[in-house]
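Have a look at the structure below before the remarks.
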Amino acid sequence: MHSISDLTTFARKTKGHVPPQLVGASTTVVGNRLYLFGGRLVSLRRMVSDLYVFDLETFVWEKLEPSPDDDVPGARYFHSADSYNDLLVIFGGMGYVAPDSEELCVLNDVRVFDLRTRRWRPQGPEPNATIPPDSPALVPRARYAHLSSVTADRLFIIGGQDMTNVWLDDIHVYDLKRLAWVQRQEYPRHCGTYRSVAVAGKSRVRLPMEERRGEDMGLLGPPGSRFRVDGVPPPDPSRVISDEVTHLSYSATPTPEFP
């Protein structure tokens with residue numbers, strides 16, 4: 001564990017069902033609990049789909065055994081896992097073509113674990129895992145070692161690599177309410193877990209000109225006339241009449257149009 005206040009690292013003994021050593025597992029903090037999913041066993045070099053929860057106050061591990069009726073995701077590593085409204089949202093990663101196979105593949109499925117009921121939700125329609133590289137389709141190509149982030153009820157999938165380790169320079173957006181891929185755009189930068197990080201917050205940085213592009217400027221007025229009274233500029237160019245200045249906050253709540 002690492003202390004942010006004094007930048008020191010320390011180790012604590014943990015109890016309970018301590019997970020084995022893993023590579024490429026995901027860790028997601030929700031409240032005072034840490035959820036660990038998937039990964040590749042160091043001892044056996046085989047991927048798993050186990051889910052553990054760690055209490056950050058009592059330092060006790062628990063393995064969450066799936067219900068017999070659950071549609072448990074396939075084993076994988078270097079996937080992504082994000083929290084959203086008491087849900088754990090898993091995307092992609094590298095796994096196996098079948099549960100009893102040793103042949104590897106990359107994935108582009110979205111799987112959801114309900115933290116309140118501790119049940120895996122049924123998988124939606126199977127996405128097309130063989131989308132050609134230049135396809136404008138909204139469904140992302142299968143990938144692993146990508147970045148992910150959740151904001152404004154949307155999951156953003158950024159970059160990553162395909163089965164041949166080619167960088168995928170794009171961003172895909174998944175609507176977590178409609179359960180559908182809704183947007184894709186090129187992102188000509190190599191992004192992945194080995195060299196980049198993606199974060200999200202409750203507020204976004206505002207770009208007023210982007211928000212008002214193509215719209216009525218309202219109180220701001222068109223560029224070049226924002227600080228004029230009755231169309232006449234102030235007598236002193238270095239002076240601005242405070243009553244005529246419209247204050248815009250530097251931050252705002254994310255929206256689907258401006259995440």
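Scope of the values below: all heavy atoms of this structure, side chains included, with no hydrogens, waters or symmetry mates.
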Solution key, residues 48-59 side-chain donor-acceptor pairs under 3.5 Å, sequence neighbours excluded:
from	atom 1	to	atom 2	distance (Å)
Asp55	OD1	Glu57	N	2.8
Asp55	OD1	Thr58	N	3.1
Glu57	OE1	Asn32	ND2	3.4

Counting only pairs under 3.5 Å, give me each side-chain donor-acceptor contact of residues 9-23, with atom names and distances, residues two or more places apart or in other chains.
from	atom 1	to	atom 2	distance (Å)
Thr9	OG1	His2	ND1	2.8
Thr14	OG1	Trp61	NE1	3.4

Taking all non-hydrogen atoms of both residues into account, name the closest pair between Ala142 and Leu168 and its distance.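 That would be O-CD1, 3.8 Å.
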Does any non-hydrogen side-chain atom of [Y] lie less than 4.5 Å from one of [X]?
| X | Y | value |
| --- | --- | --- |
| Leu179 | Arg121 | no |
| Val150 | Val89 | no |
| Arg141 | His172 | no |

Does [X] share a hydrophobic cluster with [Y], counting links as ILVMFWY side-chain heavy atoms below 4.5 Å and allowing steps through other members?
| X | Y | result |
| --- | --- | --- |
| Leu34 | Val60 | no |
| Tyr174 | Val112 | yes |
| Leu88 | Val110 | no |
| Val182 | Phe156 | yes |
| Ile90 | Leu64 | yes |

Does the Tyr96 side chain pair with the main chain of Met47, one donor and one acceptor, at a distance under 3.5 Å?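 Such a contact is found between Tyr96 side chain and Met47 backbone.
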Using modelled atom types only, decide if a donor and an acceptor are shared between the side chain of Asn108 and the backbone of Pro140 within a distance under 3.5 Å.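 Yes.
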Is it the case that atom CZ in Arg45 sees more than 12 heavy atoms from other parts of the structure closer than 6.0 Å?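 Incorrect, the count does not exceed 12.
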Output all residues satisfying side-chain hydrogen bond (donor to acceptor under 3.5 Å, both in side chains) with Glu62, sequence neighbours left out; order by chain, then residue number.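 Arg118.
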Can you name the ring pair (Phe, Tyr, Trp, His ring centres under 6.0 Å) partners of Phe37, sequence neighbours left out?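 If we apply the ring pair (Phe, Tyr, Trp, His ring centres under 6.0 Å) test to Phe37, skipping adjacent residues, the hits are His79, Trp120.
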Starting from the C-alpha separation in whole Å, work towards a yes-or-no answer on side-chain contact (heavy atoms from CB on, under 4.5 Å) for Arg143 and Asp162. CA-CA 5 Å; Arg143 65 193 65 202; Asp162 65 13; 5.8 Å; no
Any salt bridge linking Arg119 with Asp70? Criterion: basic side-chain nitrogen under 4.0 Å from a carboxylate oxygen.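 Looking at Arg119 and Asp70, the cut-off is met.
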Partner set under salt bridge (Lys or Arg N to Asp or Glu O under 4.0 Å) for Arg189, not counting sequence neighbours: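 Here no residue qualifies.
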Tell me, please, which residues at least two apart from Asp175 pass salt bridge (Lys or Arg N to Asp or Glu O under 4.0 Å).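 With sequence neighbours excluded, Asp175 shows a salt bridge (Lys or Arg N to Asp or Glu O under 4.0 Å) to no residue whatsoever.
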Go through it in stages, so that I can follow the logic: the residues are Tyr84 and Asp153, the test is side-chain contact (heavy atoms from CB on, under 4.5 Å), and I'd like the CA-CA distance, side-chain angles, deciding distance and then a yes or no. CA-CA 8 Å; Tyr84 169 74; Asp153 300 317; 2.9 Å; yes
